[in-house]
Q: 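One structure follows; several queries about it will come next.
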Amino acid sequence: MATQLVAAKEDSISFPVTGMTCAACQARVQRALASEPGVIDAYVNLVTNSAAVRYDPAAVSPPRLIEAVRATGYEAALPAADESSAVTMSRRQDAEARDARELAIKATVSVVIGIVAMGISMTLMGNALANYGLLGLTATVLAWAGRDIYRRAWKAVRHGSADMNTLVALGTGSAFVYSLIATIAPSLFARNGIAPDVYYEAVIFIIGLVLAGRAIEARARRKTSEALRRLVTLLPPGARVEESGKFVEKPLAEVRSGEVVVVRPGERIPVDGVLVDGSSDVDESMLTGEPLPVAKTKGDLVVGGTLNTTGAFRYRATSVGAESVLARIVALMEEAQSSRAPIQRLADKVSAVFVPVVLVIAIVTFIAWYFIAGPTALPHAIAAAVSVLIIACPCAMGLAIPTAVMVATGRGAEMGLLIKGGEVLQRAGDVDTVVLDKTGTVTEGTPTVARVIAMGALTDAEILAYATALERHSEHPVAAAIVRAAVGRDVSLSPATEFRSRTGSGVTGKVRGHDVAVGNAALMRERGVAVEDPRHPDGSSSLEASSELYVAVDGLVVGVIVVSDSLRPTSREAVQRLLEMEVDVVLLTGDRLRTAEAIATEIGVGRVVAEVLPQDKVAEIRRLQTLGRVVAMVGDGINDAPALAQSDVGISMPKGTDIAIEASDIALMRSDLRGVPAAISLSRQTMATMKQNLFWAFVYNVIGIPIAAGVLYPFTGLMLSPIIASAAMALSSVSVVTNSLRLRHARVA
């Protein structure tokens with residue numbers, strides 16, 4: 001019996017991880033999760049303090065993943081099943097704000113005590129009583145402000161690993177123990193010709209500055225997710241729902257699809273729905289970025305989170321909870337901000353070995369100072385080793401990439417771009433060829449029937465009736481235009497049977513017992529129907545920028561329906577911006593060549609590929625990719641989905657089908673093709689920021705650690721104070737986050 005292969009199922013989960021402070025922590029948790037049997041991929045984000053895991057549910061369970069995290073010494077918990085994104089984020093915000101306040105208080109108190117300790121040390125240097133007083137102050141700071149540092153360092157040791165807390169704990173602990181011995185047994189040093197100096201003020205300052213850096217970093221990190229927080233807080237807490245002729249206030253979580261909701265002027269719309277009665281202007285800027293309110297009347301859609309400005313109206317709820325537009329946007333943004341850019345792998349590799357390497361360098365530094373300079377250099381040896389431990393900063397490497405991804409995806413959302421992850425963000429910057437679909441992408445996507453040309457015995461109305469009988473079963477924009485024309489002319493319709501949609505070419509079926517086909521010339525040729533270029537009443541050939549659908553009945557063309565679609569007003573400007581960015585542009589369409597060339601000429605596109613089926617679109621993109629091109633495909637229809645998936649970066653228009661949106665990597669939230677060059681420009685700026693962050697994170701450590709070890713001392717006589725080292729360490733991670741925050745104000749093409 002042949003063995004039947006069954007593909008493994010895949011699931012994904014995200015959950016918070018607490019206690020991480022640096023890239024080494026992140027790397028340890030990530031390795032633990034990735035090593036679990038059944039885990040396909042795991043990424044731990046130091047900025048969001050969360051883990052995102054793809055796994056085989058048949059091989060590993062979410063509780064097992066939580067246990068894997070806890071085994072590394074950090075805490076994790078599964079999110080509540082019935083908890084909304086808004087509640088989860090609100091709880092996380094409160095915890096982050098509380099932690100930042102606590103860090104700031106501890107840092108401030110520690111620095112103040114450090115200043116007092118420095119004053120005592122300078123004025124009463126060598127005084128035994130003063131040293132005991134400093135010992136008490138230092139022990140108090142270590143037990144209160146530094147408690148979490150030492151506790152986490154001990155956890156790491158118990159689990160056979162090391163992180164930033166380990167470095168700080170070793171550095172301050174060594175200085176404290178040395179000072180303690182010098183305080184209670186100064187004669188031990190005196191017998192060996194070593195001055196019994198103490199470093200209590202340095203220990204206090206190091207703790208204070210490390211905590212100050214973490215407090216500043218925490219505040220800066222919160223700003224990276226500001227755009228997402230603003231989205232989450234747009235929804236009101238409840239809704240006014242109609243029940244038995246009365247309106248009752250309900251919590252948002254209790255509103256159900258089908259219920260009627262009333263909204264007054266100035267209120268935010270609580271859930272998605274369709275207007276039942278009333279009218280108003282709705283500010284949808286949070287969704288589309290467009291500043292002008294949109295008029296809404298009966299039958300129009302409204303989206304939860306948008307702002308009702310002028311009138312009152314009633315509407316029927318359609319999508320609630322996780323199915324709402326805003327919830328889906330938030331979910332996409334959360335997923336994007338928790339994703340990993342490929343460039344992150346470099347930082348991950350360095351982070352995995354960073355702390356052990358620093359520990360070795362610190363030991364070598366101490367040994368070199370002690371044995372080369374002699375026992376009298378013990379204070380210098382300890383100071384140098386402590387400086388090495390303190391100045392080393394894996395935090396900056398852990399924050400370099402995810403902070404940039406978070407700020408950039410947030411900035412993208414503000415610009416009407418939903419960018420689905422760090423990998424997409426990185427790829428988009430490499431795009432050198434943009435392939436544009438025509439209908440609904442370059443054009444408005446709302447075509448109209450310009451004329452019906454009879455080519456036989458049937459009247460215009462009869463031709464339209466045959467066509468509409470089939471097209472009313474299709475979702476294509478051209479089909480909708482034909483149906484609107486038939487309704488407007490009050491054409492009598494007949495039922496259709498054996499309906500079949502031929503993607504990219506047209507539709508076929510039976511109407512009143514006749515075989516009917518409506519589509520382009522390719523469909524006619526496929527069915528053996530002879531076609532010719534139709535003539536307009538004035539004897540001229542077909543309009544250049546129009547599309548023509550042949551209507552064939554029982555194998556003969558009886559007429560042509562001429563459909564026109566206006567250009568989007570921003571299409572030419574978008575193409576011009578892409579060309580200025582040295583990006584090639586191709587128009588790829590199933591429409592006839594003459595129409596496509598006319599559109600291309602109007603918008604400034606030099607290359608056209610026309611009269612292609614969906615599989616031909618995929619083949620063209622593959623051809624470009626084999627030439628070494630990085631291709632972005634922009635489209636909006638079902639027939640574009642395969643091409644969107646094949647391209648390096650798929651970009652969907654806002655009125656596109658769900659299939660097109662799912663297949664895309666970037667979803668434009670407004671009907672403006674200028675979003676394409678904007679996305680590429682944002683990606684390029686983000687990549688530049690990531691590289692800057694990594695460069696400074698690496699260079700900082702490459703330069704700072706040798707200086708802390710004392711390589712300049714033989715030439716300049718200068719040593720790096722542990723206090724200065726701690727200040728530099730704190731500033732390094734803050735500088736990386738601050739550099740990423742510049743993307744909030746990125747000016748894009």
Side-chain angles (χ1 to χ4, degrees), residues 16-32 43-51 69-70 72-76 92 95-107 110 142 144-159 161-173 206-222 224 347-348 350-356 358-359 389-403 406 693 697 700-701 725-737:
V17 179
T18 56
M20 297 187 299
T21 55
C22 68
C25 312
Q26 170 202 18
R28 186 160 73 253
V29 176
Q30 197 163 280
R31 283 197 306 271
Y43 175 56
V44 178
N45 192 313
L46 187 60
V47 181
T48 59
N49 286 316
S50 64
V69 173
R70 289 175 177 167
T72 63
Y74 302 98
E75 283 301 317
R92 191 167 67 200
E96 288 173 352
R98 187 169 57 252
D99 290 344
R101 283 194 302 270
E102 185 178 334
L103 284 170
I105 292 170
K106 289 181 176 180
S110 298
L142 294 182
W144 174 63
R147 179 184 56 198
D148 286 342
I149 293 174
Y150 289 95
R151 182 171 56 83
R152 289 169 180 168
W154 176 243
K155 271 190 176 182
V157 171
R158 284 174 53 205
H159 289 88
S161 58
D163 57 23
M164 188 65 213
N165 294 298
T166 310
L167 299 181
V168 175
L170 277 175
T172 55
I206 290 170
I207 294 295
L209 291 172
V210 167
L211 294 178
R214 289 183 182 178
I216 297 170
E217 178 192 312
R219 291 188 63 182
R221 279 159 61 175
R222 289 188 71 222
T224 63
D348 289 346
V350 174
S351 300
V353 298
F354 185 86
V355 174
V358 170
L359 289 172
L389 292 170
I390 297 301
I391 202 170
C393 187
C395 309
M397 285 183 288
L399 297 170
I401 305 303
T403 52
M406 289 191 69
N693 287 348
Y700 164 83
N701 285 294
S726 62
M729 184 273 289
L731 288 174
S732 65
S733 55
V734 173
S735 64
V736 164
V737 178

Q: Applying side chain to side chain contact (heavy atoms under 4.5 Å, CB included), can you list everything that pairs with Leu731, at least two apart in sequence or on another chain?
A: none
Q: Using the salt bridge (charged side-chain N to carboxylate O under 4.0 Å, His left out) criterion, which residues pair with Lys155? Sequence neighbours excluded.
A: none
Q: Go through the steps to decide whether Leu211 and Ile149 satisfy the test side-chain contact (heavy atoms from CB on, under 4.5 Å), and finish with yes or no.
A: CA-CA 9 Å; Leu211 294 178; Ile149 293 174; 4.2 Å; yes
Q: Does anything in residues 17-28 form a salt bridge (charged side-chain N to carboxylate O under 4.0 Å, His left out)? List the pairs, not counting sequence neighbours.
A: Arg28-Asp163
Q: Closer than 4.0 angstrom, basic N to acidic O: yes or no for Arg98 and Glu102?
A: no
Q: Please name all residues satisfying side chain to side chain contact (heavy atoms under 4.5 Å, CB included) with Ala725, sequence neighbours left out, ordered by chain then number.
A: Ser387, Ile390, Ile391, Leu720
Q: What residues form a side chain to side chain contact (heavy atoms under 4.5 Å, CB included) with Leu170, not counting sequence neighbours?
A: Thr166, Leu359, Leu389
Q: Does Tyr700 have any side-chain hydrogen bond (donor to acceptor under 3.5 Å, both in side chains) partners at least two apart in sequence or in another chain, and if so, which?
A: none
Q: Sequence neighbours left out, what passes side-chain hydrogen bond (donor to acceptor under 3.5 Å, both in side chains) with Arg101? Give chain and number order.
A: none
Q: Report the residues that fulfil side-chain hydrogen bond (donor to acceptor under 3.5 Å, both in side chains) with Asp148, sequence neighbours left out, ordered by chain and then residue number.
A: Arg151
Q: Holding to side chain to side chain contact (heavy atoms under 4.5 Å, CB included), I want the full list of residues that pass it with Ala215, two or more places apart in sequence or in another chain.
A: Leu103, Ala104
Q: For Ser110, what residues pass the side-chain hydrogen bond (donor to acceptor under 3.5 Å, both in side chains) criterion, not counting sequence neighbours?
A: none
